[in-house]
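Everything below concerns the one structure shown next.
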Protein chains: 2
Amino acid sequence: MNVTGEIPDIVVGRLPIYLRELNRMARSEDNMTTSSRDLGHRLGISSAQIRKDLSHFGEFGKQGTGYHIGYLIDQLTQILHLKEEWGVAVVGAGYLGHALANYRGFQDRGFHVVCVFDKDLDKVGIKMGDLTVQGIDELEETIDRMNVEMAIIAVPVSVAQEITDRLVKAGVKALLSYVPIHLNVPEGVQVSYSDPVVQMQRMTYYLTPVATTAAESST
Amino acid sequence: MNVTGEIPDIVVGRLPIYLRELNRMARSEDNMTTSSRDLGHRLGISSAQIRKDLSHFGEFGKQGTGYHIGYLIDQLTQILHLKEEWGVAVVGAGYLGHALANYRGFQDRGFHVVCVFDKDLDKVGIKMGDLTVQGIDELEETIDRMNVEMAIIAVPVSVAQEITDRLVKAGVKALLSYVPIHLNVPEGVQVSYSDPVVQMQRMTYYLTPVATTAAESST
DNA sequence: TAGATTGTTAATCGATTAACAATC
DNA sequence: TAGATTGTTAATCGATTAACAATC
């Protein structure tokens with residue numbers, strides 16, 4: 001019950017994974033409870049780590065019984081500030097922006113894409129689900145008016161830092177970037193990156209490259 | 001020069017970030033060299049960490065001068081097994097699959113999408129860049145024939161584990177999943193996850209939720 | 001009660017940082 | 001030479017794990 005004090009980032013980072021699995025269990029199974037052992041087994045995480053992680057925030061379980069799934073979901077939802085839905089802006093209406101604006105996975109997980117922007121005038125006006133692509137010049141006004149605090153960036157590398165600066169200036173406090181560069185943001189602004197190439201390069205280290213030997217090449 | 005022994009995953013995980021920035025420097029700047037201090041400053045990483053990380057693999061720098069950018073790129077490319085291009089299969093031709101199949105960012109970073117599959121017969125035959133969407137029943141034969149060892153999964157949750165099993169059985173050794181569930185794979189198969197919701201939930205923990213008080217609601 | 005499982009402690013393990021001799 | 005910067009060491013810091021009393 002170390003409820004006070006700084007929680008390590010790495011612990012916070014695992015909570016959404018726990019929450020995701022718990023929701024899955026709530027939806028598809030009849031069990032009302034789970035244990036650190038069971039949850040850990042499903043996620044490839046040790047039971048001790050799960051208990052330790054949760055203990056940073058309170059005592060959510062019962063000896064002998066484990067954790068009530070619904071209750072734990074409720075607590076994690078609260079801890080992660082997901083009781084209210086967060087409006088999200090998507091910047092860039094290319095293939096990826098299109099995929100994000102139409103992504104069903106945001107529903108019921110705390111997020112809702114409320115606006116989409118693109119620089120390209122040919123894209124402005126296009127419908128994406130319930131939304132209409134807006135011009136990039138409307139970015140500041142819209143974000144301010146809608147009180148948007150989160151944004152997803154799916155723009156070309158060349159304009160990513162500039163768009164970031166504009167978003168931050170407009171009040172965005174958390175950014176998810178699909179652009180393959182490091183972004184500079186002021187203290188207090190969260191940034192998370194998703195670069196498929198970086199993820200794949202991390203894996204190829206562990207793979208054996210196909211040794212195209214002279215003998216093979218000559219066959 | 002601790003070239004032998006196990007390299008920590010976390011160290012391997014930073015190499016693609018270094019490589020990405022180095023390539024950017026090589027492309028857009030005139031400097032032939034950089035230092036751990038300079039590189040670290042650009043990436044928000046300490047210089048000591050960069051030197052330590054690189055020292056696991058060899059001595060790539062020169063006292064007083066730093067690192068020759070081209071040489072370091074070459075070495076990292078070799079370490080990460082990126083000298084040869086890896087063929088990649090994309091499974092799922094929805095919005096996201098579409099975005100991935102058309103993604104230009106793979107070029108020159110070691111990867112090449114060589115096939116795309118979808119279950120939906122309406123999608124089979126559709127052109128995506130140079131590729132044509134194939135039926136899911138062609139998965140095993142194509143992957144085997146093309147010697148594909150990496151795959152990106154962008155299918156519905158309901159079929160993700162089944163598709164994973166089929167890919168692994170067909171010889172895929174590394175998977176990048178955009179599906180929001182934990183996947184079970186045999187020992188030796190690499191998996192990397194990308195779930196935008198998990199990334200955003202990690203950030204909302206640090207954000208202050210909008211306190212919709214009674215007073216506010218009633219205005 | 002007997003079995004199961006929590007929350008917590010202490011030990012272990014691993015990663016980061018500061019400092020500096022070596023040297024370009 | 002003087003300044004810069006490496007690679008490495010040792011110290012510090014942080015995370016994970018094993019173990020167990022408490023208790024449902």
Side-chain angles (χ1 to χ4, degrees), chain A residues 1-18 21-22 25 31-76 79 202 205, chain B residues 1-18 21-22 25 31-76 79 202 205:
Chain A
M1 47 159 143
N2 168 29
V3 183
T4 29
E6 278 302 292
I7 312 288
D9 287 359
I10 199 157
V11 172
V12 174
R14 280 188 293 260
L15 301 187
I17 306 287
Y18 300 162
E21 188 62 29
L22 289 164
M25 290 163 76
N31 306 332
M32 297 301 284
T33 62
T34 183
S35 64
S36 58
R37 192 168 172 278
D38 174 47
L39 185 58
H41 187 75
R42 291 165 185 265
L43 297 173
I45 292 177
S46 80
S47 63
Q49 181 155 86
I50 289 177
R51 293 199 301 279
K52 190 92 212 278
D53 285 354
L54 296 177
S55 77
H56 283 97
F57 302 95
E59 304 186 6
F60 306 128
K62 259 203 191 77
Q63 285 103 324
T65 314
Y67 302 90
H68 181 92
I69 295 172
Y71 178 69
L72 193 48
I73 288 174
D74 186 75
Q75 291 298 305
L76 289 175
I79 290 164
R202 282 172 182 167
Y205 172 80
Chain B
M1 45 158 144
N2 168 29
V3 183
T4 28
E6 277 302 290
I7 312 288
D9 287 358
I10 200 158
V11 171
V12 174
R14 280 188 292 261
L15 301 187
I17 305 287
Y18 301 161
E21 187 62 29
L22 289 164
M25 291 164 75
N31 306 333
M32 296 303 285
T33 62
T34 183
S35 65
S36 58
R37 192 168 172 279
D38 174 47
L39 186 57
H41 187 75
R42 292 164 185 265
L43 298 173
I45 292 175
S46 79
S47 62
Q49 182 155 86
I50 288 177
R51 291 199 302 280
K52 190 92 212 281
D53 285 354
L54 295 178
S55 77
H56 283 98
F57 303 94
E59 305 186 6
F60 306 129
K62 260 201 190 77
Q63 285 104 324
T65 315
Y67 301 91
H68 181 92
I69 295 173
Y71 178 68
L72 193 48
I73 288 174
D74 186 75
Q75 291 298 305
L76 289 175
I79 290 165
R202 282 172 180 166
Y205 172 80

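Computed from a prediction, not measured in an experiment: that's the story for all the values here. All heavy atoms count here, side chains included; hydrogens, waters and symmetry mates do not. Reminder, nothing fancy here: chain letters follow the sequence lines and each chain counts from 1.
- Closest of all the heavy-atom pairs between B/Leu54 and B/Leu76 is CD2-CD2, 4.1 Å.
- Closest of all the heavy-atom pairs between B/Thr34 and B/Leu39 is OG1-N, 3.8 Å.
- Put simply, CZ on A/Phe60 is 13 Å from P on C/dT6, counting in whole angstrom units.
- Heavy atoms from other residues, nucleotides or ligands lying under 6.0 Å from CZ of A/Arg14 number more than 12.
- With rounding to whole Å, A/Leu39 atom CG is found 13 Å from C/dT5 atom P.
- Protein atom CD1 of A/Ile7 is 14 Å distant from nucleotide atom P of D/dG14, rounded to whole Å.
- Rounded to an integer number of Å, the gap from CG of B/Asp38 to P of D/dT5 is 9 Å.
- A/Ile10 places its CD1 atom 19 Å from the P atom of D/dC13, with the value rounded to the nearest Å.
- You'll find the side chain of B/Arg202 reaches within 4.5 Å of the side chain of A/Ile17, heavy atoms only.
- Counting all heavy atoms, side chain and backbone alike, B/Ile7 lies closest to B/Val12 at CG2-CG2, 3.9 Å.
- Residue A/Arg37 places its CZ atom among 12 or fewer non-hydrogen atoms of other residues, nucleotides or ligands, all under 6.0 Å distant.
- Looking at B/Asp53 and B/Tyr18, their side chains come closer than 4.5 Å, going by heavy atoms from C-beta outward.
- Sequence neighbours left out, not one pair with a member in residues 62-73 of chain A passes side-chain hydrogen bond (donor to acceptor under 3.5 Å, both in side chains).
- Listed by residue number, B/Ser46, B/Ala48, B/Gln49, B/Arg51, B/Lys52 are the residues of residues 43-54 of chain B with a heavy-atom contact under 4.0 Å to DNA chain C.
- When rounded to the nearest whole Å, the span between CZ of A/Arg37 and C1' of D/dT17 equals 16 Å.
- Residue A/Ser36 places at least one side-chain N or O under 4.0 Å from the OP1 or OP2 atom of C/dT6.
- For the pair A/Tyr67 OH and D/dC24 P, the interatomic distance rounds to 15 Å; values are reported in whole Å.
- In this structure, the separation between CZ on B/Phe60 and CG on B/Asp74 is 10.0 Å, given to the nearest 0.5 Å.
- In terms of position along DNA chain D, the nucleotide closest to B/Gly61 lies nearer the 5' end than the nucleotide closest to the other residue of the pair A/Pro8 and B/Gly61.
- Distance B/Gln63 CD to D/dA2 P: 19 Å, rounded to the nearest Å.
- Considering only side-chain N and O atoms, B/Arg14 lies under 4.0 angstrom from the phosphate OP1 or OP2 of C/dT16.
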Given Watson-Crick and G-U pairs under 3.5 Å, DNA chain D in dot-bracket ([ ] crossing, | other strand) is ..||||||||||||||||||||||

